[in-house]
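All of these numbers come straight from a predicted model, not from anything done at the bench. Order of the sequence lines fixes the chain letters, A, B, ..., with proteins taken first and strands second; residue numbering starts at 1 for each chain.
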Protein chains: 2
Amino acid sequence: MRNPEFNKEQVLRAAIKAFVCKGYNKTSMQDLKQATGLHPGSIYCAFGNKQGLLIAALEQYNQDSSAKFIQLVSGHNSVLAGLKKYIENTVSECSLDGAEKACFSQQVLSDLSHPDPIVEEVIATNVEQWKNGFTNLFEQALDANEIDNSRTPLQRTQSVVMGIYGLRTYAHSHPSSDVLKELAQQLFEDVCR
Amino acid sequence: MRNPEFNKEQVLRAAIKAFVCKGYNKTSMQDLKQATGLHPGSIYCAFGNKQGLLIAALEQYNQDSSAKFIQLVSGHNSVLAGLKKYIENTVSECSLDGAEKACFSQQVLSDLSHPDPIVEEVIATNVEQWKNGFTNLFEQALDANEIDNSRTPLQRTQSVVMGIYGLRTYAHSHPSSDVLKELAQQLFEDVCR
DNA sequence: AAAGAACTTGAATGTTCATTCAAGAAAGCC
DNA sequence: GGCTTTCTTGAATGAACATTCAAGTTCTTT
């Protein structure tokens, strides 16, 4: 009996990088071979097919981004400072060249015109979880009297999610990092008002 | 001497529809043949290649969306009412099933991971023109005292563009039309505040 | 009505790409 | 060390696709 020679997490993170960089459709098995170090046959053995790899990668992304969310949001003096930190981190990610300008889930969704139901469900779960993070945050902020109840936590969540989508799309057109920071600051203010 | 049998505008609008529906990359020449009624050879004769058709389509889109902008924004009691109308129209477009959920330019930009410089320039021109429309609008609103000068027209333009990008991306996940309307209303308020 | 010019057609071409599979290599077990 | 099981390799396969082009069609001019 032999053990597999690769580390699944490592492979999936490499795959995510490749997918985010070129888009799912344009990432060939050759690209994936180069990125992950796995030969086509091995990928098929481990994940069934290209879409199987995508689904596994989306699940990994889900885990990773949840962890990152918690890490960024925690350990601040106020709840809203955590939110601010998160938004600022998004901006820095967007400003990187060639790297992750888009949220992986969202990119896949627009890449696949008619996504497979399974893929769609994994993405929906991702987004759901992300939104829950924000909603919890706003509930805590409400409890701590950092925001008023003129809008519900859910409404604020929707606004901030929309805003981040917008920020990321805006970043595609290579604006100066100052403009992006200004937009992020404005978003933060609008959402907390 | 013969005349071409097709109407260029009609063909380009049909091509835009096809591109927006399936995405540029996934739209095959067969799809384009079906959509435009032109056989592959004719398309190559008229536009050089697939990318030539894309560029011509983007230029047509530029014209059409400029015209639509003016049409939507004009003829209201106040300048801001025009803006509101425009945002509301965007929401209705997003709510349509299968139709134009995304701005064509923006969709192409994310579809082509490394866009040809020519394509990129045409898109940049599109966006520039669109932004100018908003900036003019906010300048008029400032002159008419409908908004204050706590933020420049350019800053407000950036915010509204980001917001519309966000709205459109948000629409991809099939939210209820009420949520979308609420987000649009909030966007309008935040931008005019 | 005949010739010529321009346009249209769609099968053929060559390329790219996901996927398969048979042969080879390595680990565990006796 | 030999045997079995599992994993890895990468060339072969076949489908999908953009592009070409030679033959066919239609319009205009004289």
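- Here D/dC17 presents its C1' atom at 12 Å from NZ of B/K22, a figure rounded to the nearest Å.
- Between A/T27 and A/S42, the residue anchored closer to the 5' end of DNA chain C is A/T27, taking for each the nucleotide with the nearest heavy atom.
- Protein atom CG of B/L32 is 17 Å distant from nucleotide atom P of C/dG10, rounded to whole Å.
- One can place CD1 of A/I43 at 11 Å from P of D/dT9, the figure rounded to the nearest angstrom.
- In this structure, A/D111 contributes its side chain and A/N25 its backbone to a donor-acceptor pair below 3.5 Å.
- Backbone-only engagement by A/S28 is indicated by non-hydrogen atom pairs under 4.0 Å involving sugar-phosphate atoms exclusively.
- Seen from the ring of A/Y24, A/K50 counts as a face-on cation partner, given the 6.0 Å and 45° thresholds.
- At least one side-chain nitrogen or oxygen of A/Y44 sits closer than 4.0 Å to the OP1 or OP2 atom of C/dT19.
- Nucleotide D/dT19 holds its P atom 8 Å from the NZ atom of B/K50, rounded to whole Å.
- Atom CG in B/N25 sits about 12 Å away from atom P in D/dC17, given to the nearest Å.
- A/M29 has its CE atom 18 Å from the P atom of C/dT16, to the nearest Å.
- Sparse packing is recorded around NZ of A/K85, with 12 or fewer heavy atoms of other residues, nucleotides or ligands lying under 6.0 Å away.
- Residue A/H39 has a polar side-chain atom (N or O) positioned under 4.0 Å from OP1 or OP2 of D/dG10.
- If you take CG of B/L38 and P of C/dC7, they are 12 Å apart, rounded to a whole angstrom.
- In this structure, A/N49 atom CG and D/dT13 atom P are separated by 22 Å, rounded to whole Å.
- Nearest to the side-chain atoms of A/P40 among the listed nucleotides D/dT19, D/dG10, C/dA18 stands D/dG10.
- Comment: A/E189 does not engage A/R193 in a salt bridge, judged by the lack of any side-chain N to carboxylate O separation of less than 4.0 angstrom.
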